[in-house]
Amino acid sequence: MSSHAIINTINIARQMTIDKVEGINEELFDIQPPQFNNTIRWNVGHIIAVMDLLVFKRITETSNLQEGFADLFKGGTKPSDRTSTPPSKAELVELLKKQLNDLKETFADRVDEKLPEPFQNRDFKFETIGDVLGFVIVHEGMHTTTISNYVKVINYQKS
């Protein structure tokens with residue numbers, strides 16, 4: 001896949017996520033249906049945290065998020081463990097937009113670049129920046145679908 005195609009796919013996926021999140025009433029963001037482990041807010045934050053941890057922090061060795069953000073939303077965390085106030089819907093949407101711009105500015109011409117050190121995440125081996133970007137696209141799509149499912153379940157339970 002070409003650099004342009006990967007960046008274009010990330011742009012499409014992220015815009016779909018932004019549109020989905022903007023369309024959800026923030027009153028639903030912290031409802032945790034019993035069928036799920038987390039909330040809408042957690043899933044949105046998790047998308048942002050994983051992109052930052054795998055793409056920015058691992059590749060550029062610099063996080064673009066404020067201190068402690070990833071600790072709220074990294075894998076294995078849950079809203080009931082929080083000891084601080086999470087970001088608002090508006091803050092999360094702004095981070096989604098900023099992160100997309102940062103990604104395009106930083107990696108648009110680097111997709112085929114080999115990572116300084118290839119790494120393994122579960123069963124997946126990442127050797128290039130494009131490998132990592134491809135994974136985060138799939139990861140984001142999975143969590144955007146989860147967010148859609150939360151909205152359906154919450155609305156069903158409210159009726």
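Just so it is clear, the structure is predicted and the values come from calculations on it, not from any experiment. For the numbers below, each heavy atom of this structure counts, side chains included, while hydrogens, waters and symmetry mates do not. Along the sequence shown, the residues carry numbers beginning at 1.
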Please round to the nearest 0.5 Å and tell me the distance separating atom [atom1] of [X] and atom [atom2] of [Y].
X	Y	atom1	atom2	result
Phe56	Gln99	CZ	CD	5.5 Å
Ile48	Glu94	CD1	CD	10.0 Å
His46	Asn38	NE2	CG	8.5 Å
Leu65	Asp71	CG	CG	11.0 Å
Ile47	Thr17	CD1	OG1	5.0 Å
Ile147	Thr39	CD1	OG1	9.0 Å

Using side-chain heavy atoms (C-beta onward) and a distance below 4.5 Å, is [X] in contact with [Y]?
X	Y	result
Thr128	Val111	no
Ile31	Gln157	no
Ile154	Phe36	no
Val21	Leu92	no
Leu115	Ile129	yes
Leu133	Leu103	yes
Asn121	Phe126	yes

Quick one: list whatever passes side-chain contact (heavy atoms from CB on, under 4.5 Å) with [X], sequence neighbours left out.
X	value
Ala13	Ile137
Gln15	Ile18, Asp19
Ile12	Asn8, Met16
Val138	Met142

Sequence neighbours left out, what pairs pass salt bridge (charged side-chain N to carboxylate O under 4.0 Å, His left out) with at least one residue falling in [range]?
range	answer
residues 131-149	Arg14-Glu140
residues 44-54	none
residues 32-46	Glu26-Arg41, Asp30-Arg41
residues 57-67	none

* May I ask you to decide if Ile24's main-chain N or O and Lys89's side chain share a donor-acceptor pair within less than 3.5 Å? => yes

* **Donor-acceptor contact below 3.5 Å, side chain Glu127 vs main chain Lys114** => no

* Which pairs pass side chain to side chain donor-acceptor pair (under 3.5 Å) with one or both residues in residues 145-155, sequence neighbours excluded? -> Lys20-Ser148

* **Distance-only side-chain donor-acceptor flag, Gln66 / Glu91, under 3.5 Å** => no

* At their closest point, which heavy atom of Ala49 faces which heavy atom of Phe73, and how far apart are they? -> CB-CB, 4.0 Å

* Asked: Which heavy atom in Gln32 sits nearest to a heavy atom in Asn37, and how many Å separate them?
  -> NE2-O, 3.0 Å

* To do: Treat each ILVMFWY residue as a node, draw an edge where side-chain heavy atoms are under 4.5 Å apart, and state whether Leu95 and Leu100 are in one component.
  => no

* Asked: Do the side chains of Ile10 and Val132 join up, straight or via other hydrophobic residues, at under 4.5 Å, putting them in one cluster?
  -> yes

Tabulate below the donor-acceptor pairs under 3.5 Å that side-chain atoms of residues 77-87 make, not counting sequence neighbours, or state none.
residue	atom	partner	partner atom	Å
Thr77	OG1	Trp42	NE1	2.8
Thr77	OG1	Leu72	O	3.2
Thr77	OG1	Lys74	O	2.6

* Asked: Sequence neighbours excluded, which residues qualify as ring pair (Phe, Tyr, Trp, His ring centres under 6.0 Å) partners of Phe29?
  -> none

* Please assess Val55 against Thr106 for the test side chain to side chain contact (heavy atoms under 4.5 Å, CB included), listing each intermediate value before the final yes or no. => CA-CA 10 Å; Val55 177; Thr106 306; over 6 Å; no

* Asked: For residues 74-99, which residue pairs qualify under ring-ring contact (aromatic ring centres under 6.0 Å, His included), counting only residues two or more places apart or in two chains?
  -> none

